[in-house]
Amino acid sequence: MLDKAYDPKPIEAKWLELWHEARLFRSVPSGNPDKFTIVIPPPNVTGALHLGHALNNTLQDVLIRWYRLHGYETCWVPGTDHGGIATQNVMERQLKAEGKSRHELGREKFLERMQSWTRDCKKTILGQLRRLGCALDWDREAFTMDEPRAKAVFKAFQGYWDSGLIERTELMINWCVRCGTALSDDEVEYEERKGALWHIHYPAESGGKGLIVATTRPETMLGDTGVAVHPSDERYRGLIGKKVRLPLTGRLIPVVADDQVDPSFGTGAVKVTPAHDRNDYEIGRRHKLPSMTVIGRDGHILPECGVSAYAGLHRDEARKRIVADLENLGFLEKKEDYKHSVVVCYRCGQTIEPLVSMQWFLHQERLAPKTLEAFDGGRFRISPDNWAKPYRDWLSKIRPWVISRQIWWGHRIPVWYCSGCHGSDITHVGGEPVYHGRARKGDYGIVVSWEKPSRSCENGHSASWIQDGDVLDTWFSSALWPMSVFGWPDGGEQLRYYYPTQVLVTGYEILYLWVARMQMSGIEFLKAPPFSQAIIHGIVRDKSGKKMSKSLGNVIDPLEMMEKYGTDALRFALILQAHPGRDIPFAEDSILGSRNFANKLWNSTRFVLMNLPDSPSSGAYRLESLSHGGLELADRWILSEYQKAISKARDRMKERNVAAAADALYEFLWDKYCDWYVELAKIRLQGADGPSKEAVRAILIQVLSGMLKLLHPFMPYITEELFSALKPYSEDGSDFLYRARAPETAFDWSNPQAELAMAALTEMVDSLRSLRAQLNIAPGLKLRVCAAASGDGARRLIEDHSGYLNFLARLESIEFWDGGTRPPQSATAVSSQATFFVPLKGLIDFAKEKIRLEKELSKCQSELQKIAAKAENKEFLARAPQAEIETARSQYESAKARLGRLKDTLAVLAQS
RNA sequence: GCCCAGUUGGCGCAGCGGUAGCGCGCUCCCUUGACAUGGGAGAGGCCAUAGGUUCGAAUCCUAUACUGGGCACCA
């Protein structure tokens with residue numbers, strides 16, 4: 001027998017072990033044409049999983065298990081991502097705590113430490129995924145930096161190189177001075193910050209007035225190579241083409257006219273620093289201004305800046321000094337407060353330094369059109385579709401992607417330079433040769449190779465190859481994930497069977513960074529989008545909508561929640577709130593609700609088991625063996641509701657509304673099955689053995705086990721446990737629910753009449769219960785009541801189901817009151833189809849009863865008013881659809897009848 | 001600045017053309033042979049504002065105001 005309350009811990013541990021032993025989630029290419037494959041968004045190996053991961057993976061698990069239940073060959077591929085900068089940052093923080101730096105350690109030692117960290121971290125993450133119940137095919141575990149994935153990266157790089165889509169060249173990029181690397185446009189964020197606008201006087205060459213520029217970054221003036229004004233700006237017309245003198249350095253720089261300048265902003269004159277600002281870079285190009293780099297990669301002023309006093313200063317320090325010097329020398333006209341957005345690194349939050357830099361670029365602007373075409377052609381969809389437009393826009397104005405990173409943790413760029421050919425472009429940094437030049441397909445002395453080339457170069461230099469020192473952006477390997485996990489670039493059965501996959505589940509924050517990149521890679525190399533649908537979910541936030549972060553102290557640890565409330569409760573709580581297109585404000589309370597639901601499931605199964613014979617006769621409880629004729633109202637009603645709930649859940653799942661699907665099951669189980677059917681079943685279960693008792697048992701078992709199957713994707717552990725207890729009585733002998741068949745709905749149980757009849761009866765019960773509560777009638781006291789039905793149908797309904805009413809409303813008996821005077825000294829429960837008189841001689845406070853009825857009367861009146869406004873409206877009757885009119889009419893009639901009876905009752909009460 | 005969401009009882013959210021729903025919280029009653037992680041009964045909302053379409057609007061349209069997000073710009 002089951003315990004009184006559900007205790008998740010031992011049960012989760014048990015099934016975890018059994019699933020694992022059975023290698024339950026293993027998938028092999030089969031003949032099944034219905035495939036459902038998902039590749040996991042590989043978590044970065046930066047630490048433990050957070051609540052966002054719990055949501056992401058629960059959603060995937062629900063889908064996988066759901067499709068498996070419905071007969072699909074499912075495959076869910078687990079894995080982790082090396083995580084590039086993010087992971088390297090974690091390690092650097094560790095080293096810093098030990099008082100070391102990666103440079104002291106050296107590349108090789110550093111990478112060894114990274115490897116060992118990665119091993120531990122993978123173990124943690126995969127263990128957490130397992131604990132979460134994820135039906136991942138553990139035999140397929142992949143890592144973005146393991147050998148097969150490295151091969152894929154090489155192959156992709158080579159492919160792009162051969163098509164001329166990859167080159168090493170000098171362009172403006174985002175440079176993070178903290179992380180010491182270039183970043184793509186998608187790896188930076190904008191942040192509103194309070195700053196200042198400094199107005200600086202640039203005198204004319206002749207020593208005349210010149211002009212005043214406004215800037216937020218005075219320190220970059222050392223690299224100014226021009227000043228731009230709007231061509232039609234009257235104030236500066238005379239200066240265009242002339243030169244002004246740059247304060248502090250004394251350099252002469254030209255004034256140019258450019259449309260990009262907004263004459264109404266600041267002073268209408270812009271200093272142009274092509275090397276340190278994206279716009280200035282464009283202006284500089286248009287006017288052939290030289291580019292002068294004055295801030296180095298470490299964020300310090302370079303000696304080449306022209307003023308030795310500033311050389312070596314950090315950019316922030318330099319700003320202070322320069323502003324002070326300008327002020328002292330009288331060049332600073334004014335400083336105003338100014339709020340503007342600054343570009344920051346998405347990994348460390350430091351202000352980005354735009355730099356012109358020699359980097360590797362992938363010309364994804366040439367890949368995007370085909371991807372866009374696939375999207376517009378419907379070969380790939382995004383759900384919910386409000387992300388479709390931003391996705392399109394991103395693809396439409398895509399720029400070259402900087403793929404090189406100046407870090408150590410990642411796939412080393414597989415390009416080799418011949419030091420014989422390129423000696424002049426090679427310097428030694430920290431004892432290692434580093435290439436500084438450009439590179440593209442067809443250049444001599446440059447090859448793409450998996451290993452160090454053994455042959456000599458075109459010019460006959462032998463064995464003098466050096467490898468590029470940079471590594472690839474972590475997203476470069478992530479972009480290949482749906483291909484590489486199935487063995488690409490080797491073709492093979494796996495790739496043929498599983499590629500393309502069906503869905504990808506991820507958060508919107510990596511839609512461009514990752515989803516779009518995968519689409520581009522898949523279409524480029526395998527001519528097919530890697531998945532036909534991306535399901536985008538929201539971010540898990542705290543209850544007030546704030547992002548969870550360690551610094552805010554509002555983080556909820558999934559593991560802790562699983563310990564405290566059980567894994568199923570956590571999963572269900574997340575799912576119930578994962579409404580498509582919305583973020584999830586999450587509070588611990590919500591897990592409590594789901595924990596309670598798990599307990600409800602547990603106890604309803606416990607109840608059913610308590611009412612079954614000890615030794616089941618096999619197959620005795622098949623639903624199919626029940627005929628409509630042998631069932632009573634409650635049976636026909638619950639089967640009808642059951643069928644409705646199933647089809648609703650299935651529809652919602654098709655729409656990818658997992659929350660609504662879960663809600664439909666929750667509502668059915670609790671509000672229909674437990675609250676009404678189980679209660680009514682007690683009548684027969686407490687009675688004598690016989691066919692009727694067997695029928696109610698069959699329905700209790702079958703409906704419950706069907707629910708356990710359908711809930712299994714959401715709450716895998718508890719359902720597995722309960723199903724196994726119920727299995728001896730069930731027709732489905734599957735060893736695990738993962739292998740079970742979905743509940744059949746071949747037989748049509750839909751029964752609107754039963755639903756109507758039950759609705760009438762429950763309304764009667766409600767009215768009686770309400771009366772009892774309000775008159776403080778002791779719960780244990782059984783009442784003898786008189787009933788006046790509104791018609792023959794209603795009377796028959798009450799007669800036939802007096803057992804239901806007696807049991808649910810705690811009645812001793814029901815007698816019919818056929819006209820004549822009212823039963824004396826009685827309270828009255830009025831519902832649409834009946835009035836119940838509850839004679840309680842001496843027990844009723846008539847004043848109280850009058851108040852109660854008056855209140856009900858006024859409620860009923862306002863209800864009637866609303867319906868009457870509709871049902872009596874000529875326009876409505878003339879134009880509304882017939883079915884609508886029918887409904888309104890019957891609603892009107894029943895409200896009117898009820899009102900009439902309430903009035904009669906009050907009138908009688910007034911006399912007594 | 002452009003675009004997209006959101007604005008529904010104390011809190012968090014569903015509903016998205018036909019008498020306002022759920023969970024939590026709150027009030028009262030109940031340890032009745034599944035479950036107090038429970039049962040029963042209640043209180044609480046003119047569905048942001050203003051117009052419009054419609055027989056009928058929380059639901060569709062158009063503005064406005066907040067809130068959040070995406071994109072661009074901010075010298």
Side-chain angles (χ1 to χ4, degrees), chain A residues 2 4-6 190 197 213-217 220 228 260-262 265-273 277 279-280 283 338-342 384 386-387 389-391 393-394 397 508-509 511-512 538-539 543-545 565 569 573 576-577 579 581-587 589-590 592-611 659-660 663 666-667 671 674-675 678-679 682 686 766 769-774 776-780 808 810 862-871 873-881 883-885 887-888 891-892 895:
Chain A
L2 301 178
K4 205 170 168 187
Y6 173 50
Y190 289 83
L197 198 58
V213 300
T215 181
T216 54
R217 296 200 62 196
T220 63
Q260 201 179 311
V261 178
D262 174 5
F265 185 88
T267 60
V270 188
K271 61 193 264 325
V272 182
T273 324
D277 184 281
N279 287 307
D280 292 8
I283 296 176
Y338 181 59
K339 224 167 98 183
H340 62 131
S341 66
V342 295
N386 43 326
W387 282 103
K389 196 173 175 300
Y391 179 77
D393 291 348
W394 185 84
K397 54 184 173 217
Y508 56 79
E509 68 272 23
L511 182 63
Y512 313 133
I539 294 170
K543 204 185 177 184
S544 59
Y565 304 103
L576 276 178
Q577 290 167 95
H579 307 290
R582 301 270 278 186
D583 283 347
I584 295 162
F586 198 79
D589 306 351
S590 64
L592 217 62
S594 294
R595 194 262 323 243
N596 296 353
F597 177 62
N599 193 243
K600 192 73 179 173
L601 244 192
W602 179 265
N603 274 290
S604 40
T605 307
R606 197 164 84 103
F607 170 80
V608 171
L609 288 170
M610 282 167 73
N611 285 286
D663 188 63
Y666 175 102
E667 200 244 1
D671 300 346
C674 290
D675 283 355
V678 165
E679 288 309 308
K682 285 174 183 171
Q686 285 162 12
D766 287 342
R769 282 174 171 173
S770 180
L771 178 145
R772 295 185 67 119
Q774 286 174 59
N776 290 323
I777 296 170
L808 295 172
R810 294 195 155 253
S862 74
E863 208 171 283
L864 183 69
Q865 223 164 36
K866 270 190 218 162
I867 301 162
K870 188 154 96 175
N873 185 326
K874 286 204 181 70
E875 298 284 350
F876 172 74
L877 295 170
R879 299 186 194 220
E884 232 15 270
I885 295 175
T887 326
Q891 283 169 347
Y892 177 73

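Quantities reported herein were computed from a predicted structural model and do not represent experimental measurements. Letters go in sequence order (proteins before strands), and every chain restarts at 1.
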Contact class for [X] (heavy atom, under 4.0 Å): base, sugar-phosphate, or nothing?
{"X": "Asp393(A)", "value": "nothing"}
{"X": "Arg217(A)", "value": "nothing"}
{"X": "Ser604(A)", "value": "base"}
{"X": "Val678(A)", "value": "base"}
{"X": "Lys397(A)", "value": "sugar-phosphate"}
{"X": "Val213(A)", "value": "nothing"}
{"X": "Asp766(A)", "value": "sugar-phosphate"}
{"X": "Glu679(A)", "value": "base"}
{"X": "Lys874(A)", "value": "nothing"}
{"X": "Asp675(A)", "value": "sugar-phosphate"}

Do Lys600(A) and C35(B) have a side chain to base donor-acceptor pair shorter than 3.5 Å?
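Indeed there is one.
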For the backbone of Ala5(A) and the side chain of Asn603(A), can you confirm whether one donor and one acceptor N or O come within less than 3.5 Å of each other?
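Judged by distance alone, no pair lies under 3.5 Å.
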Side-chain (Asn599(A)) to main-chain (Arg595(A)) donor-acceptor, under 3.5 angstrom:
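No.
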